[in-house]
Engineer: 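Mind having a look at this structure? Questions to follow.
Heavy-atom basis, side chains included; hydrogens, waters and symmetry copies ignored. Lettering follows sequence order; numbering is per chain, from 1. For clarity, every value in this text was computed on a predicted model and none was experimentally measured.
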Amino acid sequence: MHKLLLDSPGKEMLLLGNEAIVRGAIEAGIAVATCYPGTPSSEIPDTFFTLYQEGGFYFEYSTNEKVALEVASGAAVSGVRSIVSMKHVGMNVASDALMTMAYLGVNGGMVIINADDPSLFSSQNEQDNRYFSRLSGLPMLEPINAQEMKDMTISAFDLSEKLKLPVILRTTTRLNHIRERVIFGPIKDKPKKGYFKKDPFHYVAIPAVSRNLHKTLLQKYDEALKLSENSEYNSIKGKGKWGIVANGVSVNYVQDAVEDLGIGNDAAILRMGFSYPLPNDIILKFLNSVEKVLVVEELEPIMENEIRSIAQSNGINVSIKGKGGRLFTRLYEFDPGLVRKAIASYFGVNDTSPVKIDISNIPDLPGRPPNLCPGCPHRAMYYSIKKVYGEDAIYPSDIGCYTLGVLPPLSMADIVICMGASAGSACGISAATDQKVVAFIGDSTFFHSGIPPLINAVHNNHKFTLVILDNGTTAMTGHQPHPGVDTDPLGVKTKQISIESVVRGCGVEHVEVVNPLQIKKSISAAQAAKDFDGVSVIISKEICPLYAKSIKRAKKTRPFYVNQDKCTHHMDCINYLACPAMYIDNGKTMINQNLCIGCAVCAQVCPENAILPIKDA
Amino acid sequence: MEVTRIVFVGVGGQGNLLASRLVGEACISANVPVVVSEIHGMAQRGGIVESAVVMGGATSPIVSDGEADILIGFEPSETLRALNKCNKNTVVISNIRPLPPFTVAIGQGVYPDMNKGLDLVKHSVATLIAFDGDALAEKAGNSLSLNMVMLGALVGCKATPLKEEWIKKAIENTTKKAFLDSNMQAFDFGVAAARVG
């Protein structure tokens, strides 16, 4: 049996934060788990995926976050425990369902795992999703370490069933990707099958019903507030004239700073774990016990403003600083040193931080941005499209590995907004300008949210080309399956939805499927698409080589080399492809045989036919 | 217990996430408080991969600028890039085999003079232990065992409470049988390299 499924209370394991959440869900006796993958949340579904058959619960990679939340909602109203995970921007997609699920409420516990990404390690923005609890009225829990990620997941289910509301568990990248000791608890035996009891005047959100449901939601707020006042996750640690309030991973930075600065006898820490609704009475008590308060929270000054409002309503005149007072910024994640410095400065104690060495003499270092892999089919398609459409066409792109094509020399992304926006923004650019437009979207992203804008484009007579980069997997987030694949990574057969049929079904009249590694054919497909008056679609179909390798479907190929006798230094291979397997050594173009996977694209690009497969490899 | 803060830097594919995880596993089995943190997502796309291990009871999972007790660089230019993590008491362990990024290949950057760079490091921090880790991995019979070499050097440098047998047990528990011997060999070469260095 998989270790995470063992019913062995007291067992200790080093777990990734995301694995700890999964273990919490297992201990809570979940029946249904759904998701759309997205860094930093992806290991949650990927762990569920490895466990679900043995674990006896239902799991799916849903087509997008909204669907994932709806599937979990259907299970929760039917009386079983469900969990849905997504990254912060996924919550935007899911929010339509989220807002009304708060009205409908649940029978079985429902937990929404929301992974924020301060510092934008791999996201398009760093929005603070604590606002979603304020917007929806749903309670929020915020863990501070891996053990709590497990334990709070269970608490969130209990809370959800007590309030009959979905509960949001909010993490940040640092917590998702922490590894710590986690002590297991017992696994609860909860029903795996539910029953949907008809009650249309509760579950059908028409105005007459929802007017009452909104009232119920506000009553639940009062109930949630009481639970927050008594929650073990909202606690005051230590005593002293200085007050520090913190949430999430920052609680660790504060604890360590108080220790490092030796101010344990002067500082009291109010830790907010049940962070919506904020506990009014606890905060009041805290404000009355200290002379000044520092609020330590990454991103937006949400607690700070709410605490200030509590102080104002109660006529308390202590200094409350955080973002206000410029001790902290609203940008990026915090770190221990930054928090220690702010605490030292605000309370007037000596900062004991070690001094960074002088690095001004260190030579300039070449950049090392992430890059498309050797043999990546996206690079090949970018080459062919650029050959036909040139530098002046506008290239809206989307969310995935292929976004890495923004960097020179490929320079094949001119605007990226969010999942599915390549096709939508292409409609606008083609309507508003006379420029040629070629939009790129990945296969998983196409299913996620690329279909409605494509229908929009056809119906409204827009003129552009959409290139669907179909590499048979959701590559960027770790090779999850999507509706367009016939087998999942465990080799289980899945119902495959043909992208080509979907595109034709959307009314697109010009559709061509090409293998991007065949440059001549790809260029002629690009030319035909360009010549078509209307919406044309190219489906660029070739498996992600990393994925092919991991599922042992990689074709046997020979690596290539540059015949130095034939090479006349056009450098087209380097200048247009920039494959990481190629490099220049003493003016000679070379191929690293360990990195080359033999895709043969550079060989087709070389005007001298100087790039050849190694015969005896 | 004294808090020890270790920063690992390398390039996608070099295995530094596994190295930091093994230190975490070793600490758990030896009952040493530990927090490991990783940055995922770009590991297979040739980007920079960073992880951190904080041992000894601090609960913050990351290491601020100037606060690393030990910096382990799996690639020399990445060691230099991460020097902002160091103070004058930091022990720096670095592989000296360059792995130039593709920006150098396409003429967008120049790979720096490593000897000069590492010489600057030597004069700025307490100790620099620099050696050709890839050569040791190759000598151990597995060019992918660089991470084991670097782990060996981490233990060999004696700047942590880590013990050889803790890490060896963690390696045994996680390595496929076919690679166990070469991994152990690579680890031992790393230990020896740090002692000489």
Engineer: Do the side chains of A:K356 and B:N84 get nearer than 4.5 Å, heavy atoms only?
Structural biologist: yes

Engineer: Looking only at non-hydrogen atoms, find the nearest pair between B:L83 and A:I359 and report the distance.
Structural biologist: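 For B:L83 versus A:I359, the nearest heavy atoms are CB-CG2, 3.8 Å.
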
Engineer: For atom NZ of B:K169, is the number of surrounding heavy atoms from other residues, nucleotides or ligands below 6.0 Å larger than 12?
Structural biologist: no

Engineer: Taking every non-hydrogen pair under 4.5 Å, which of A:M13, A:R340, A:M571 racks up the most with chain B?
Structural biologist: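 When all of A:M13, A:R340, A:M571 are compared, A:R340 has the most.
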
Engineer: Looking at B:E138, I'd like to know if its CD atom is crowded, meaning that more than 12 non-hydrogen atoms belonging to other residues, nucleotides or ligands lie closer than 6.0 Å.
Structural biologist: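 Result for CD/B:E138: enclosed.
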
Engineer: Begin from the C-alpha positions of A:D364 and B:V110 and carry the test side chain to side chain contact (heavy atoms under 4.5 Å, CB included) through to its verdict.
Structural biologist: CA-CA 8 Å; A:D364 280 346; B:V110 177; over 6 Å; no

Engineer: Chain B heavy atoms under 4.5 Å from A:P40: which part of the residue, side chain, backbone, both or neither?
Structural biologist: neither

Engineer: So B:T103 and A:P369, do their side chains get closer than 4.5 Å, heavy atoms only?
Structural biologist: yes

Engineer: Nearest 0.5 angstrom please: A:E12 CD to B:N31 CG, how far?
Structural biologist: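 With rounding to 0.5 Å, CD (A:E12) is 7.0 Å from CG (B:N31).
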
Engineer: Might you point out which heavy atoms bring B:R81 and A:P366 nearest each other, and give the distance in Å?
Structural biologist: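 In this case the closest contact between B:R81 and A:P366 is NH2-O, 2.8 Å.
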
Engineer: Run the numbers on A:R179 and B:S51 for side chain to side chain donor-acceptor pair (under 3.5 Å), then give the verdict.
Structural biologist: CA-CA 11 Å; A:R179 270 185 209 276; B:S51 54; over 6 Å; no

Engineer: What part of A:E333 gets within 4.5 angstrom of chain B, counting heavy atoms only: side chain, backbone, both, or neither?
Structural biologist: side chain

Engineer: Quick check for you: among B:P61, B:G109, B:A68, which has the greatest number of heavy-atom pairs under 4.5 Å with chain A?
Structural biologist: B:P61

Engineer: Tell me if the OH atom of A:Y576 is crowded by more than 12 foreign heavy atoms within 6.0 Å.
Structural biologist: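 Open: at most 12 neighbouring heavy atoms sit under 6.0 Å from OH of A:Y576.
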
Engineer: Which atoms form the tightest heavy-atom contact between A:G337 and B:S64, and what is the distance?
Structural biologist: N-OG, 2.7 Å

Engineer: Search all heavy atoms of B:S124 against all heavy atoms of A:I357 and return the closest pair with its distance.
Structural biologist: O-CG2, 3.4 Å

Engineer: Counting only heavy atoms closer than 4.5 Å, note whether A:C376 contacts chain B via side chain, backbone, both or neither.
Structural biologist: neither

Engineer: If you look at every heavy atom in B:E67 and A:P354, which pair is closest and at what distance?
Structural biologist: CG-CG, 3.8 Å

Engineer: In sequence, state the C-alpha distance, the side-chain angles, and the governing distance for B:T59 and A:N145, and then conclude on side chain to side chain contact (heavy atoms under 4.5 Å, CB included).
Structural biologist: CA-CA 8 Å; B:T59 61; A:N145 56 36; over 6 Å; no

Engineer: Atom CZ in B:F102, atom CG in A:L595: separation rounded to 0.5 Å?
Structural biologist: 13.0 Å

Engineer: Verify side chain to side chain contact (heavy atoms under 4.5 Å, CB included) between A:I362 and B:K116, making sure each step is shown before the conclusion.
Structural biologist: CA-CA 9 Å; A:I362 297 298; B:K116 207 176 129 198; over 6 Å; no

Engineer: To check you understand the geometry: which heavy-atom pair defines the closest contact between A:M582 and B:A105, and what is its length?
Structural biologist: O-CB, 3.5 Å

Engineer: Mind checking the CD1-CG spacing from B:I28 to A:L14? Nearest 0.5 Å is all I need.
Structural biologist: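 Nearest 0.5 Å value for the CD1-CG distance: 5.0 Å.
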
Engineer: Using heavy-atom distances under 4.5 Å, tell me whether A:D260 contacts chain B through its side chain, its backbone, both, or neither.
Structural biologist: side chain

Engineer: Is A:V355 in contact with chain B via its backbone, its side chain, both, or neither, using a 4.5 Å heavy-atom distance?
Structural biologist: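 For A:V355, backbone heavy atoms alone lie under 4.5 Å from chain B.
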
Engineer: Assess the residue pair B:V34 and A:R181 against the criterion (side chain to side chain contact (heavy atoms under 4.5 Å, CB included)); give the C-alpha distance rounded to whole Å, side-chain angles, the decisive distance to 0.1 Å, and a yes or no.
Structural biologist: CA-CA 8 Å; B:V34 68; A:R181 176 201 307 265; over 6 Å; no

Engineer: Relative to chain A, which of B:V53, B:L80, B:V3 shows the most heavy atom pairs under 4.5 Å?
Structural biologist: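 Most heavy-atom pairs under 4.5 Å with chain A: B:L80.
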
Engineer: What's the separation between atom CD in B:E38 and atom CD in A:E43, rounded to the nearest 0.5 Å?
Structural biologist: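 If we round to the nearest 0.5 Å, B:E38:CD and A:E43:CD are 8.5 Å apart.
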
Engineer: I need the A:D335 CG to B:D65 CG distance, nearest 0.5 Å.
Structural biologist: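 Here the interatomic distance stands at 7.0 Å.
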
Engineer: Looking at chain B, which one of A:E180, A:R174, A:R368, A:Q255 has the largest number of heavy-atom pairs inside 4.5 Å, strictly under?
Structural biologist: A:R368

Engineer: Could you state the interatomic distance from SG (B:C86) to CG (A:D358), rounded to the nearest 0.5 Å?
Structural biologist: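 Output value for this atom pair is 12.5 Å.
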
Engineer: Would you say A:K11 has more than 12 foreign heavy atoms packed within less than 6.0 Å of its NZ?
Structural biologist: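 Result for NZ/A:K11: enclosed.
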
